[in-house]
Amino acid sequence: MITGNRLVNWIYRGLEVFVKVAALNVLWMVFTVVGAGVLGIFPASAALLSVIRKWMMEGMDTSVPRTFIGSYKKEFVKVNVLGYAALLYGFVLFTNYQFMLGADGIVQLLIVIGLIILGTLFFLTVTFLFPAIVHFDLPVLKVVKVAFLYGMTHFYLAIMAGIGLTVTYHIVLFFPGIFMWFIPSLTGIILMPAAYMAFQKFSRETNADEAVKV
């Protein structure tokens, strides 16, 4: 039976979580603008994931502004390099898709097969890319390698994250006025736990946690 005090505590805790998630969203928007948009969106997104990671490791009492700003400044260059490299790769895939629409016969079939393979590898790698940036203290190329390896070995978690993002997208379509302001946080809350599960599983199996950030 739920007592009055327990109910009040649940309500209080729920409101506290809501306020912190809302604050995280505000920080994401502010620091995206601070970075002039094009240079701010990737660092702000990485910083958002860093806060969610801290919540998972240490609880919701973690300072949101301090963790966010610290990660934003520390990862600014690295995450922009990797973010725009991923964006360029995605643009190349899209260009090849457009070319495929105008092709026919065996050429079209080969392009379709190639796009399926490369698109799948891209999705699996990108799913773990930003979480890997905030979880591991590694140089740029090693981050890409780690994200690729986790994507290949834990593809089911990437698929689960993809399903979660798809569901979230449709919820936002049905209730845009409420949920559209929480898209960054909702995306992070789906991606980071999926990646964190893979990171923790790997660490338990190999004891390889020397590159993990505190």
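Residue indices begin at 1 and follow the sequence shown.
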ask   = Could you state the interatomic distance from CG (Leu118) to CD1 (Ile113), rounded to the nearest 0.5 Å?
value = 11.5 Å

query = Hey, are the side chains of Phe199 and Pro131 touching, using non-hydrogen atoms and a 4.5 Å cut-off?
reply = yes

query = In terms of ring plane angle, is the pair Phe130 and Phe42 parallel, tilted or perpendicular, where the classes change at 30° and 60°?
reply = tilted

message = Please report the interatomic distance OH(Tyr89) to OG1(Thr125), rounded to the nearest 0.5 Å.
response = 8.0 Å

message = Could you walk me through whether Lys145 and Leu149 satisfy the side chain to side chain contact (heavy atoms under 4.5 Å, CB included) test, starting with their C-alpha distance in whole Å, then the side-chain angles of each, then the deciding distance to 0.1 Å, before giving a yes or no?
response = CA-CA 6 Å; Lys145 179 182 177 182; Leu149 290 176; 4.0 Å; yes

key: Verdict with supporting geometry, Tyr97 and Ile111, side chain to side chain contact (heavy atoms under 4.5 Å, CB included)   = CA-CA 8 Å; Tyr97 171 76; Ile111 295 175; over 6 Å; no

request  = Could you state whether Val92 and Val126 fall into the same hydrophobic cluster, counting links through intermediate Ile, Leu, Val, Met, Phe, Trp or Tyr residues with side-chain heavy atoms under 4.5 angstrom apart?
outcome  = no

message = Heavy-atom count check: over 12 atoms from other residues, nucleotides or ligands less than 6.0 Å from Met100 CE?
response = yes

message = A side-chain contact here means heavy atoms from C-beta on lying under 4.5 Å apart; do Arg53 and Leu49 qualify?
response = no

query = What's the spacing between Leu186 CG and Leu191 CG if we round to 0.5 Å?
reply = 11.0 Å

request  = Determine the minimum heavy-atom distance between Phe182 and Val21, stating which atoms define it.
outcome  = CD2-CG1, 3.9 Å

query = Can you tell me if Ser50 uses its side chain to pair, donor with acceptor, with the backbone of Ala46 under 3.5 Å?
reply = no

task = For residues Val146 and Ala132, report the shortest heavy-atom separation together with the two atoms involved.
result = CG1-CB, 4.4 Å

note = By side chain to side chain donor-acceptor pair (under 3.5 Å), Thr32 pairs with (sequence neighbours left out) none

query = For Tyr156, does the OH atom have more than 12 heavy-atom neighbours from other residues, nucleotides or ligands under 6.0 Å away?
reply = yes

ask   = So, do Val38 and Tyr84 sit near enough that their side-chain heavy atoms are less than 4.5 Å apart?
value = yes

task = Treating Ile, Leu, Val, Met, Phe, Trp and Tyr as nodes and any side-chain heavy-atom pair under 4.5 angstrom as an edge, say whether Leu88 and Leu141 lie in one connected cluster.
result = no

inquiry  = Any heavy-atom pair between the side chains of Val143 and Phe136 that's under 4.5 Å?
reply    = no

query = What are the two closest non-hydrogen atoms of Gly119 and Leu93, and how far apart are they?
reply = CA-CD1, 4.0 Å

task = Heavy atoms only: give me the nearest Ile52-Met192 pair and the separation to one decimal.
result = CG2-CB, 3.8 Å

request  = Give a yes or no on whether the backbone of Glu58 and the side-chain of Thr62 come within a donor-acceptor separation of less than 3.5 Å.
outcome  = no

query = Would you say the side chain of Leu129 lies within less than 4.5 Å of the side chain of Phe148, judging by non-hydrogen atoms?
reply = no

request  = Would you check if Lys54 and Val64 make a side-chain contact, meaning some heavy-atom pair closer than 4.5 Å?
outcome  = no

Residues 69-82, side-chain donor-acceptor partners within the protein, below 3.5 Å, at least two apart:
| unit_1 | atom_1 | unit_2 | atom_2 | d |
| --- | --- | --- | --- | --- |
| Tyr72 | OH | Phe31 | O | 2.8 |
| Glu75 | OE2 | Lys213 | NZ | 2.1 |
| Lys78 | NZ | Leu138 | O | 2.6 |
| Asn80 | ND2 | Leu39 | O | 3.1 |
| Asn80 | ND2 | Phe76 | O | 3.1 |

key: Residues in ring-ring contact (aromatic ring centres under 6.0 Å, His included) contact with Tyr196, at least two apart in sequence or another chain   = His135

key: Minimum heavy-atom distance Trp28-Ser45, with the two atoms named   = NE1-OG, 3.1 Å

task = Decide yes or no for Trp55 and Leu24: does some side-chain heavy atom of the first lie under 4.5 Å from some side-chain heavy atom of the second?
result = yes

With a 3.5 Å cut-off and sequence neighbours excluded, list the donor-acceptor pairs that the side chains of residues 164-179 form with protein atoms.
| unit_1 | atom_1 | unit_2 | atom_2 | d |
| --- | --- | --- | --- | --- |
| Thr166 | OG1 | Gly162 | O | 2.8 |
| Thr168 | OG1 | Gly164 | O | 2.8 |
| His170 | ND1 | Thr166 | O | 2.9 |

request  = Flag the pair Pro65 / Ser63 as yes when at least one side-chain heavy-atom distance between them is below 4.5 Å, and no otherwise.
outcome  = yes

query = Between Val112 and Ile117, is there a shared hydrophobic cluster once you connect ILVMFWY residues whose side-chain heavy atoms come closer than 4.5 Å?
reply = yes

inquiry  = For residues Val107 and Leu101: do they belong to one hydrophobic cluster (side chain heavy atoms under 4.5 Å, members Ile, Leu, Val, Met, Phe, Trp, Tyr)?
reply    = yes

inquiry  = Show, in sequence, the C-alpha distance, side-chain angles and deciding distance for Thr120 and Phe155, and conclude whether the side chain to side chain contact (heavy atoms under 4.5 Å, CB included) test is met.
reply    = CA-CA 10 Å; Thr120 300; Phe155 59 90; over 6 Å; no

ask   = Side-chain heavy atoms under 4.5 angstrom apart, residues restricted to Ile, Leu, Val, Met, Phe, Trp, Tyr: same cluster for Met29 and Leu48?
value = yes

request  = Could I get the full list of side chain to side chain donor-acceptor pair (under 3.5 Å) partners for Arg13, not counting sequence neighbours?
outcome  = Glu16

remark   = Looking only at heavy atoms, the pair that brings Gln108 and Ala103 closest together is NE2-O, 3.3 Å

ask   = Got a sec: does the CE of Met60 have more than 12 other heavy atoms crowding it under 6.0 Å?
value = yes

ask   = Quick one: side chain to side chain donor-acceptor pair (under 3.5 Å) partners of Asn25, sequence neighbours excluded?
value = Ser185

